[in-house]
Visitor: 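Handing you this structure, nothing more for now.
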There are 2 protein chains.
Amino acid sequence: MIVNGEHKAYRINDKIYHCGTSVTMGFIGGKWKCVVLWYLRNGALRFSELRRLSPYITEKMLSIQLKSLEKDGLVARTSYGEKAPFRVYYNLTSFGETLIPVIKALTDWGIALATNKGEMIDVDGSEAGG
Amino acid sequence: MIVNGEHKAYRINDKIYHCGTSVTMGFIGGKWKCVVLWYLRNGALRFSELRRLSPYITEKMLSIQLKSLEKDGLVARTSYGEKAPFRVYYNLTSFGETLIPVIKALTDWGIALATNKGEMIDVDGSEAGG
DNA sequence: CCGTATCCTAAAAGATACTG
DNA sequence: CAGTATCTTTTAGGATACGG
């Protein structure tokens, strides 16, 4: 970013960002974070529920993303039970909720494009047996 | 994405996306595409102008991103001159312009966070020399 | 001026098996 | 149920040199 002819940047928690877009992408970039945040927009979900809603994310990736989102303060984790099987819920923090309008803009644009220029298809052989 | 208990997906130009967010991220994901699109929001810019505005992108990466944005129909390339030095301008297409409100949402969120929780710093020794 | 070509590293993501 | 651990593949990104 250039301000009055000088190169400037933002520093947040010792990370350097060269423009506002990069800041946001640092929080929601990658393949899965937006997806997870979007699924949490209506309330807490369990690990297994997120897995079912997003069947193409592996357990490992979901775990990594949730940890990262928690570390960034976007998501909170609550665990119930003394021993397995545990019940673990994830929900947006108030900070995380501030991202929902942003992700809604992303999602709406994608759905509009898919509606106009794409088509909806079945996956996982859900045609069979139906 | 799950519709009536069945897994569905979008297909756009033979690419498969499992939710609306993923569609948009396919177009603007990565480190640089949003940045480039954002700089083009007010009109055409030359390759070298984009380089100056975004000094941390290498020529190779800028070239790759512009090619990709052009292929996706978000950006148009216009070249003037018979032989070197050429003048090459990049501008948003009308399709690309539909992304500007989305990227504005991203950018505004990042700037708001930087303003509240971060600080602006000088880079490249621009302090030296006054 | 506007890029390509080549080589390289690092980060992201995926497959699979396993555990308290 | 809610994850870890390990290994492998894929993709993104960067450094540098060169070309029309």
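Labels below follow one simple rule: chain letters A, B, ... track the order of the sequence lines, proteins then strands, and each chain is numbered from 1.
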Visitor: List the steps and the verdict of side chain to side chain contact (heavy atoms under 4.5 Å, CB included) for B/Cys34 and B/Leu106.
Guide: CA-CA 9 Å; B/Cys34 272; B/Leu106 286 170; 3.7 Å; yes

Visitor: What is the distance, rounded to the nearest whole Å, between atom CG of A/Leu50 and atom P of D/dG3?
Guide: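 About 10 Å, once rounded to whole Å.
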
Visitor: Considering only NZ, NE, NH1 and NH2 on the basic side and carboxylate oxygens on the acidic side, decide whether A/Arg11 and B/Glu119 come within less than 4.0 Å.
Guide: yes

Visitor: Quick one: does any side-chain atom of B/Ser54 pair with a main-chain N or O of B/Ile57 as donor and acceptor, under 3.5 Å?
Guide: no

Visitor: With a 6.0 Å cut-off on the ring centroids, do B/Tyr89 and B/Tyr80 count as close?
Guide: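 Judged by ring-centre distance (under 6.0 Å), B/Tyr89 and B/Tyr80 do meet the cut-off.
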
Visitor: Report the distance from atom CZ of A/Phe47 to atom P of D/dC1, rounded to the nearest whole Å.
Guide: 11 Å

Visitor: Run A/Trp38 and A/Ile100 through side chain to side chain contact (heavy atoms under 4.5 Å, CB included) and show every step you take.
Guide: CA-CA 7 Å; A/Trp38 187 238; A/Ile100 292 302; 4.2 Å; yes

Visitor: So, is A/Arg46 near the phosphate of D/dA2, with a side-chain N or O under 4.0 Å from OP1 or OP2?
Guide: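 For A/Arg46, the contact criterion (side-chain N or O under 4.0 Å from OP1 or OP2 of D/dA2) is met.
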
Visitor: Whole angstrom is fine here: how far is it from CZ in A/Arg52 over to P in D/dG3?
Guide: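 A/Arg52 atom CZ is separated from D/dG3 atom P by 14 Å.
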
Visitor: Mind calculating the distance between CG (A/Leu66) and P (D/dA2) to the nearest angstrom?
Guide: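 Going from A/Leu66 (CG) to D/dA2 (P), I get 11 Å.
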
Visitor: For the CG atom on A/Asn13, are there more than 12 heavy atoms of other groups (residues, nucleotides or ligands in this structure) within a distance under 6.0 Å?
Guide: no

Visitor: Identify, between B/Met61 and B/Pro85, the residue whose nearest nucleotide on DNA chain D lies closer to the 5' end.
Guide: B/Met61

Visitor: Please check: side-chain N/O of A/Tyr90 versus main-chain N/O of A/Ala76, any donor-acceptor pairing under 3.5 Å?
Guide: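 Absent.
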
Visitor: Tell me, please, the opening and closing nucleotides of DNA chain C, 5' to 3', among those with an atom under 4.0 angstrom from a non-hydrogen atom of chain A.
Guide: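 The contact span of chain A on DNA chain C goes from C/dA13 to C/dG20.
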
Visitor: Flag the pair B/Glu6 and B/Lys8 as a salt bridge only when some basic side-chain nitrogen lies within less than 4.0 angstrom of an acidic carboxylate oxygen.
Guide: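 A salt bridge links B/Glu6 with B/Lys8.
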
Visitor: If you assign each of B/Lys67 and A/Thr58 to its closest nucleotide in DNA chain C, which residue comes earlier from the 5' end?
Guide: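 Checking each residue's closest nucleotide, the 5'-ward one belongs to B/Lys67.
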
Visitor: Nearest whole Å is fine: how far is D/dG19 P from B/Phe86 CZ?
Guide: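 Result: 16 Å.
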
Visitor: Which of residues 10-33 of chain B sit near DNA chain D, with a heavy atom under 4.0 Å from it?
Guide: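 Within this stretch, B/Gly30, B/Lys31, B/Trp32 sit under 4.0 Å of the strand.
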
